[in-house]
Novice: 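Structure in structure tokens, see below.
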Amino acid sequence: MRRMAAVAAVAAVTLGAAVTLGLAACGGGGGSPTSTSKSGGGGGEVEVFTWWAAGSEKLGLDALVGVFNKQHPDIKFVNGAVAGGAGSAAKDLLQSRLQANDPPDTFQAHAGKELTDYIDAGQIEDVSALYDKFGIRDVFPADLLKLLTVDGKIYSVPSNIHRSNMVWANPSVLTAAGLDPKATYDSIEAWFPALDKVKAKGKTPLSVATTWTQVNLLETVLMSDLGADGYIGLWDGSTDWKGAEVTKALGDFKKLMSYTNKDRDGLDWPEATQQVIDGKAAFNVMGDWAVAAFEEQKKVAGKDFIYFPVPGTDGTFGFLADSFTLPVGAPHPDGAKAWLQTVSSLEGQTAFNKAKGSIPARTDAKPSDFSEYQQTAIKSFGQDTIVPSLAHGAATPTSVLNAIADATSKFTTGASDLKTYQSELAAAVAP
Ligand code: BGC
């Protein structure tokens, strides 16, 4: 919790007068998940808007829906999922719906600055009363709640915590390239010779997909080259985006991109990760939803795949959390409240996160219920320096992220040079 102070500090810049979580101490004490079920009575429905539309992400959603159907058998789940990793299509569509006063009953939003956008726009309701009703004020880390809170009001219910800065690798491809799968790399630079060896074997050294995954890669290079404090400084104004350290990081990013698959811009994350699963690529940098793709295909950690923090980021946890909201004007608020209850419940969080690859946001979940990778993530979350993910809504408002994504796409498609890229990034963050 202490380690999350960094994320919370960044959040505070936007959250302004965010109150400290003294509030968290006065929870209603462990209400049973089912005690609030059948809210509204007499049936009803809930449209749940996410981007967990296919593959392992859909399996995660299905697991949560399974618990929901058990806890709220009289409420019909309506799947409003819109395909596109990281909400690359969903977030725009959601914005149009919100502006047209046609909100879903509940939608997925990232803890941190992205959520603050919806709060500032008056698009989501304060759900603090539900925290009391469900008895959940004490079950989440206080610093996570801070990222969901403005002026003492809590605006969403977290379902999970993901880590953005992981490498997933195929040990057979590494061995065939003369690399030791157990090798560790201390920095991005120290990683390049290994990527060269894979390249020499005619395989893709590093798989990546469309723009948002490139931004995910970029954030991890920034974490690695600038260190956790320097990276946090990018978001609180204490690190100069125009400085030499950032220039060096962008140079490393450029070089990393030179090792990636040429078809990247037409792919989404599952296809990029699949290249590692299929032995076409050696490494993939991706948030830890990737582990669910390996597991869905019955791949065994340590044998069929390995994972490690992006070189130079051991001890740093690139943090993001999905959470669910109650939009202003939701057509079925009782259905939405029932959904939020299931999301908040230990049973819901356990079933969902087992399938999703993330770790539960609830601190009372049992680590032994989760996979080997997830147990390492739970441990890292407890001891690492927590830094906010750029690509997944924790570090910046969506408008800033969009500007960074546009600049990144220009750069990686050859439409701008490094100098222009750096000045566009600086302008995106401090317009
Ligand atoms: C979400 C994850 C999701 C990933 C890829 C992230 O922004 O937080 O839940 O699996 O995007 O779609």
Side-chain angles (χ1 to χ4, degrees), residues 7 48-65 79-94 106-115 117-118 144 147-148 156-166 168 207-220 267-274 284-296 317-325 343 348-349 351-361 373-374 377 381 386 388-398 401-402 404-405:
V7 181
V48 178
F49 185 100
T50 69
W51 54 88
W52 300 327
S56 53
E57 293 179 327
K58 166 100 173 24
L59 291 182
L61 180 61
D62 289 348
L64 191 52
V65 174
N79 192 350
V82 174
S88 45
K91 286 202 253 172
D92 284 349
L93 185 70
L94 176 65
T106 180
F107 64 82
Q108 173 188 2
H110 288 122
K113 300 281 176 88
E114 180 185 307
L115 187 77
D117 280 349
Y118 298 115
L144 171 56
L147 297 176
L148 312 173
S156 67
V157 176
S159 52
N160 59 316
I161 292 166
H162 270 302
R163 183 177 191 183
S164 69
N165 57 315
M166 293 302 293
W168 310 92
S207 66
V208 77
T210 190
T211 307
W212 77 262
T213 69
Q214 299 167 24
V215 175
N216 197 139
L217 178 64
L218 170 70
E219 75 177 46
T220 67
L267 309 181
D268 206 339
W269 80 265
E271 292 92 39
T273 302
Q274 194 63 37
N284 173 228
V285 169
M286 189 41 59
D288 57 9
W289 41 91
V291 76
F294 286 95
E295 287 167 359
E296 183 198 351
F317 190 105
F319 161 90
L320 63 126
D322 295 302
S323 68
F324 282 87
T325 59
V343 167
Q349 298 235 336
F352 171 66
N353 286 291
K354 272 170 103 153
K356 184 66 170 60
S358 36
I359 62 176
Y373 166 73
Q374 288 166 306
F381 185 66
I386 310 293
S389 166
L390 160 64
H392 306 283
T396 71
T398 301
L401 172 57
N402 287 346
I404 290 176

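This one's a predicted model, so the numbers in the text were calculated from it and none came from an experiment. All ligand and atom numbering here is 1-based and tracks the order in the structure.
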Novice: Any luck finding a side-chain donor-acceptor pair between Asn284 and Thr273 under 3.5 Å?
Specialist: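 Indeed, the side chains of Asn284 and Thr273 share at least one donor-acceptor pair under 3.5 Å.
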Novice: So is there a nitrogen or oxygen of Asp322 less than 3.5 Å from a nitrogen or oxygen in ligand 1?
Specialist: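 N/O-N/O distance below 3.5 Å exists for this pair.
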Novice: Pairs of nitrogen or oxygen atoms closer than 3.5 Å, one from Lys356 and one from ligand 1: do any exist?
Specialist: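 So ligand 1 has an N or O lying under 3.5 Å from an N or O of Lys356.
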Novice: Check Gly348 against Leu64 and note the closest heavy-atom contact, atom names and distance.
Specialist: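 Closest approach of Gly348 to Leu64, heavy atoms only: O-CD1, 3.7 Å.
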Novice: Testing Phe49, Trp52, Tyr118 one by one against Phe324 for a ring-ring contact (aromatic ring centres under 6.0 Å, His included), which residue passes?
Specialist: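 The passing option is Trp52.
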Novice: Give me the nearest non-hydrogen protein atom to atom 10 (O) of ligand 1 as residue plus atom name, then the distance to 0.1 Å.
Specialist: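 The closest one turns out to be Glu57 OE2, 2.5 Å.
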Novice: Do we see a donor-acceptor contact under 3.5 Å between the side chains of Ser56 and Glu295?
Specialist: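 Distance-only check fails for Ser56 and Glu295.
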Novice: Consider every N or O of Asn160 and every N or O of ligand 1, then say whether any pair is closer than 3.5 Å.
Specialist: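 The answer is no, given that Asn160 and ligand 1 share no N or O pair closer than 3.5 Å.
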Novice: Could you list which atoms of ligand 1 come closer than 4.0 Å to a heavy atom of His392?
Specialist: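 Contacts of ligand 1 toward His392, numbered from 1: 6 (C), 7 (O), 11 (O).
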Novice: Would you name the heavy atoms of Val215 and Ile404 that are closest together and state the gap between them?
Specialist: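 Answer, listing the atom of Val215 first, then Ile404: CG1-CG2, 4.5 Å.
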Novice: Would you call Asp117 and Lys113 a salt bridge, using N to O less than 4.0 angstrom?
Specialist: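 Salt bridge: no.
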Novice: Flag Leu320 as yes when one of its N or O atoms lies below 3.5 Å from any N or O atom of ligand 1, and as no otherwise.
Specialist: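 For ligand 1, there is no N or O atom that lies under 3.5 Å from one belonging to Leu320.
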Novice: Distance under 4.0 Å to a non-hydrogen atom of Gly85: what atoms of ligand 1 satisfy this?
Specialist: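 Going through ligand 1 atom by atom, the ones under 4.0 Å from Gly85 are 12 (O).
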